[in-house]
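One structure is given here, and the rest of the page talks about it.
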Amino acid sequence: METPHRRDYLNITVQVEQCLAESGISEGLVLVNAMHITSSVFINDDESGLHKDFEAWLERLAPEKPHSQYRHNGFEDNADAHMKRQLMGREVVVAVTGGRLDFGPWEQIFYGEYDGMRRKRVLVKIIGE
Amino acid sequence: METPHRRDYLNITVQVEQCLAESGISEGLVLVNAMHITSSVFINDDESGLHKDFEAWLERLAPEKPHSQYRHNGFEDNADAHMKRQLMGREVVVAVTGGRLDFGPWEQIFYGEYDGMRRKRVLVKIIGE
Amino acid sequence: METPHRRDYLNITVQVEQCLAESGISEGLVLVNAMHITSSVFINDDESGLHKDFEAWLERLAPEKPHSQYRHNGFEDNADAHMKRQLMGREVVVAVTGGRLDFGPWEQIFYGEYDGMRRKRVLVKIIGE
C-alpha cells in the first residue's frame, strides 16, 4: 500500500478474495492485518461520506495537531496515528465458507492509513482445508 | 437478532455454547462476528449498570444527533452507529479447550446493537478438531 | 500478570514467542487475549513516551474519576477500566509462518492493565501444524 495522503481508506476486499481463491481453501478462517502500527484493517461500509465522517471523528477523538501535545512526538510526529489505529483496529478475522468470504450484505474490508505517503504492507493468512 | 430499541445489548454466550456443543469440536477457535456494519460482538461484563454506562459513553464519543452533522446521513441516519461499532468491535475470537469456551471468570459474549428494530444476524464459525 | 499500578503496559512478546516455540507449530494462528474484562491485549509500539500518551488519552476519553459518574460503580470503582479495555481491544490474532510470529518491523504484543494490583491471566492459544 502507498497512499497519496497522510490519511486514507482503501477497499482491499477484492485483493483478499484473490488470495483466498489462490489458496484453494473452502472452509476455514482468513486473518487480514496491518503490518504497521499506524494503520488499520477493519470492516465497514464502502461509502465515501462515511469515510469523511471517520476522518473528522478520529481527528476529534485523537487530533494530529499540535504535534507537541504527545510525548511520542520527539523525532516522530505520528502519535495520533498510533491512537487512531487502536480505535479502528489492527486486524479482522473472516469466516471462509464454501470457498468464499462469509460476509453479511454490506461488509467490505478496508485498509485505514493514518501516517501514509510511504510503502506499507498488509498480511493475509488463510487456514483451513 | 431483532432488538426493540435502536441501541441494545444481548448476552449471546449460551447460543455460542450451543453452536460449539453441536460442532463436536474440542480444541480450536471460535469466531463470532456481527454480519452487519452497525452492530458489534464483544466480550465484557454482564452487568446492567455497565451497559447503561456504555450507552452514555458511546453517545458522548459518537453522538447520534444532530443527524445532519454526518455526511453519511443523506438517506441514512445511522452514521453514529457505524462509529459506535468501531469502538466496540466487530468480532471476537475465543479459544476452545476441552470442548468449552476457554474463558476467564467474568467473560461473556455480547451482541451490541446500534441501529436496531430490524432483523440482523451473527455468524459463528468454529474450527479445530 | 500483576502490575504495581492501577494502569500499566507490559510487553509480552517474548512470552508469546516462548509458547509458540514450545508448541512446535510452524504454520497457523496464535490467539492472545486478556482473560479479564478490565484489561487488554493489543499490538503497537514499544516506546515509553507513546505509553504515557495512551494513559493521558484514555483518561480523556474514559476518565476514571469521579467514580460516581458511572452506574457500574456501586460496589466497584472500575467502570472506566471496562471502557478503556474496549478502546484498546481484548485480543490479537497473529499469523505463524515458518515457526515465527509473522510481524511487521515494529509490531510488539502488549498487555494493557486498567485495574491492576492483583493477579490476572493472559491466554495464548496456538492452532496449526
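Throughout, protein chains are lettered first and strands after them, A, B, ... in sequence-line order, and every chain is numbered starting at 1.
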Determine the minimum heavy-atom distance between [X] and [Y], stating which atoms define it.
| X | Y | result |
| --- | --- | --- |
| B/R71 | A/G49 | CB-O, 3.7 Å |
| B/L61 | A/W57 | O-NE1, 3.0 Å |
| A/D53 | B/A79 | OD2-CB, 4.0 Å |
| A/V93 | B/R90 | O-NH1, 2.9 Å |
| A/A95 | B/L123 | CB-CD2, 3.7 Å |

Verdict with reasoning, B/N33 to A/E107, per side chain to side chain contact (heavy atoms under 4.5 Å, CB included): CA-CA 11 Å; B/N33 69 264; A/E107 290 189 285; 4.1 Å; yes

side-chain hydrogen bond (donor to acceptor under 3.5 Å, both in side chains) contacts touching residues 79-88 of chain A (sequence neighbours left out):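 As it turns out, the side-chain hydrogen bond (donor to acceptor under 3.5 Å, both in side chains) pairs with a partner in residues 79-88 of chain A, which skip direct neighbours, are A/R6-A/D80, A/E59-A/K84, A/H72-A/H82, A/D80-A/K84, A/H82-C/N44, A/Q86-C/N44.
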
State the [atom1]-[atom2] distance between [X] and [Y], to the nearest 0.5 angstrom.
| X | Y | atom1 | atom2 | result |
| --- | --- | --- | --- | --- |
| A/L87 | B/M83 | CG | CE | 11.5 Å |
| A/D45 | B/N78 | CG | CG | 8.5 Å |
| A/I127 | B/I127 | CD1 | CD1 | 3.5 Å |

A/R60 atom CZ, over 12 foreign heavy atoms within 6.0 Å: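 Count over threshold, so yes.
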
Engaged part of A/T97 at the chain B interface, taking heavy atoms whose separation is under 4.5 Å: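 Answer is both: backbone and side chain atoms of A/T97 are under 4.5 Å from chain B.
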
Heavy-atom proximity to chain B below 4.5 Å, by part of A/V96: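 Looking at A/V96, just its backbone touches chain B.
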
Short N-O contact, A/E27 and B/K125, less than 4.0 angstrom: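 Yes, charged N to carboxylate O under 4.0 Å.
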
Chain A contact via B/A34 - which portion, at a heavy-atom distance below 4.5 Å: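 Contact with chain A: backbone only.
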
Residue, of B/I126, B/N73, B/I37, B/T38, that accumulates the most heavy atom pairs under 4.5 Å with chain A: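 Most heavy-atom pairs within the cutoff with chain A belong to B/I37.
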
Test log, rule side chain to side chain contact (heavy atoms under 4.5 Å, CB included), inputs B/M35 and A/D102: CA-CA 9 Å; B/M35 298 187 77; A/D102 199 341; 4.1 Å; yes

